[in-house]
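Structure record follows, encoded as structure tokens.
Here the structure is a predicted model, which means the values were calculated and not measured.
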Amino acid sequence: RLSFVLGLQGPCSSIDTACSSGLVASHGGLRALQMHECTAALALGVNMIFSQAAAVATAMAGMTSPRGRSHSFDNRADGYGRGEGCHAAVLQPSGDGIKPAGLSLLGSCVRQDGKSASLTAPNGQAQQALLRAALADGGVEPAALSCYEAHGTGTPLGDPIEVRSLAG
């Protein structure tokens, strides 16, 4: 519907991967540009909480912070604070990669991390494999990166796994 209203052509998909939907959409946009399926890509991520039942379920599972605040990568981490948000980026080719809002996307990788300590806990080995594949896809060394996107669960279990994965 959005492509129809905006008159967009090329691949179009709706992606629901929970926390990573915007990143997976960006990955799809990057691949479509690399394959010359389009001349620009619009990648959007939206999180809207319509059901109180979802908030209750995550709280009952101990995933959300009793204080209602995320303290990712902090000693105070005790879960995450639910929130709503929206992000959109137009991806366009340039001489040194794909540029959304002044950043260069040289490579990307999307994977499921399989078995781990729990449904919401990251798998450190799988994360390291994903990071290596994304770096290889972009043809860059880790030292060349200027920022990292992390899940930041805000939990004493997940955050250390992510930090060790990045360090590895």
Minimum heavy-atom distance Leu157-Ala121, with the two atoms named:
CD2-CB, 3.6 Å
If every non-hydrogen atom of Ser116 is compared with every non-hydrogen atom of Pro122, which pair is closest and at what distance?
CB-O, 3.8 Å
Nearest heavy-atom contact between Val46 and Cys86 is CG2-SG, 3.8 Å
Are Leu106 and Leu145 joined in one hydrophobic group, where the rule is that I, L, V, M, F, W and Y side chains link up if heavy atoms are under 4.5 Å apart?
yes
If I take atom CZ from residue Phe50 and atom CD from residue Glu84, how far apart are they, to the nearest 0.5 angstrom?
7.0 Å
Note: Gly152 and Glu162 closest approach over all heavy atoms is N-OE1, 2.6 Å
Here the gap from Thr17 atom OG1 to His27 atom NE2, rounded to the nearest 0.5 Å, amounts to 11.5 Å
Return yes if some donor-acceptor pair links the side-chain N/O of Asp113 with the main-chain N/O of Asn123 below 3.5 Å, else return no.
yes
Does any part of the side chain of Thr58, heavy atoms only, come nearer than 4.5 Å to the side chain of Tyr80, both counted from C-beta?
yes
Less than 4.5 Å apart, any side-chain heavy atom of Met35 and any of Leu33?
no
Between Ala43 and Ser26, which heavy-atom pair has the shortest distance, and what is it?
CB-OG, 3.7 Å
Pairwise side-chain contact, His87 with Leu44, heavy-atom cut-off 4.5 Å (strictly under)
no
Rounded to the nearest 0.5 Å, what separation is found between the CD atom of Gln34 and the CG atom of Leu91?
10.5 Å
Any chance you could measure Phe73, atom CZ, to Leu166, atom CG, to the nearest 0.5 Å?
7.0 Å
Does the pair Leu130 and Arg132 meet the rule for a side-chain contact (heavy atoms from CB on, under 4.5 Å), with working shown?
CA-CA 5 Å; Leu130 174 127; Arg132 287 187 187 100; over 6 Å; no
Gap between atom CG of Leu30 and atom CG of Asp137 - 0.5 Å precision
7.0 Å
Those residues that, when tested against Ser65, pass side chain to side chain donor-acceptor pair (under 3.5 Å) (two or more places apart)
Asp78
When rounded to the nearest 0.5 angstrom, what distance separates CZ in Arg31 from SG in Cys38?
13.0 Å
Tell me the closest heavy-atom pair linking Ser72 and Gly154, and the distance in Å.
OG-N, 3.7 Å
Does Leu6 share a hydrophobic cluster with Val90, counting links as ILVMFWY side-chain heavy atoms below 4.5 Å and allowing steps through other members?
yes
Side chain to side chain contact (heavy atoms under 4.5 Å, CB included) with Cys12: which residues, sequence neighbours excluded?
Ser3
Under 3.5 Å: donor-acceptor pair, side chain of Glu141, backbone of Ala143
no
All side chain to side chain contact (heavy atoms under 4.5 Å, CB included) counterparts of His71, not counting sequence neighbours:
Arg67, Arg69, Asp74, Arg76
Quick test of your reading: applying side chain to side chain donor-acceptor pair (under 3.5 Å), list the pairs with at least one residue in residues 37-48, sequence neighbours left out, ordered by first then second residue.
none
Hey, does the side chain of Ser51 reach the backbone of Ala53 with a donor-acceptor pair shorter than 3.5 angstrom?
yes
Can you confirm whether Val110 sits close enough to Leu23 that some side-chain heavy atom of one is under 4.5 Å from a side-chain heavy atom of the other?
no
Please name all residues satisfying side chain to side chain donor-acceptor pair (under 3.5 Å) with Ser165, sequence neighbours left out, ordered by chain then number.
Gln127
Just jot down the side chain to side chain contact (heavy atoms under 4.5 Å, CB included) partners of Ala129, sequence neighbours excluded, or say none.
Arg111
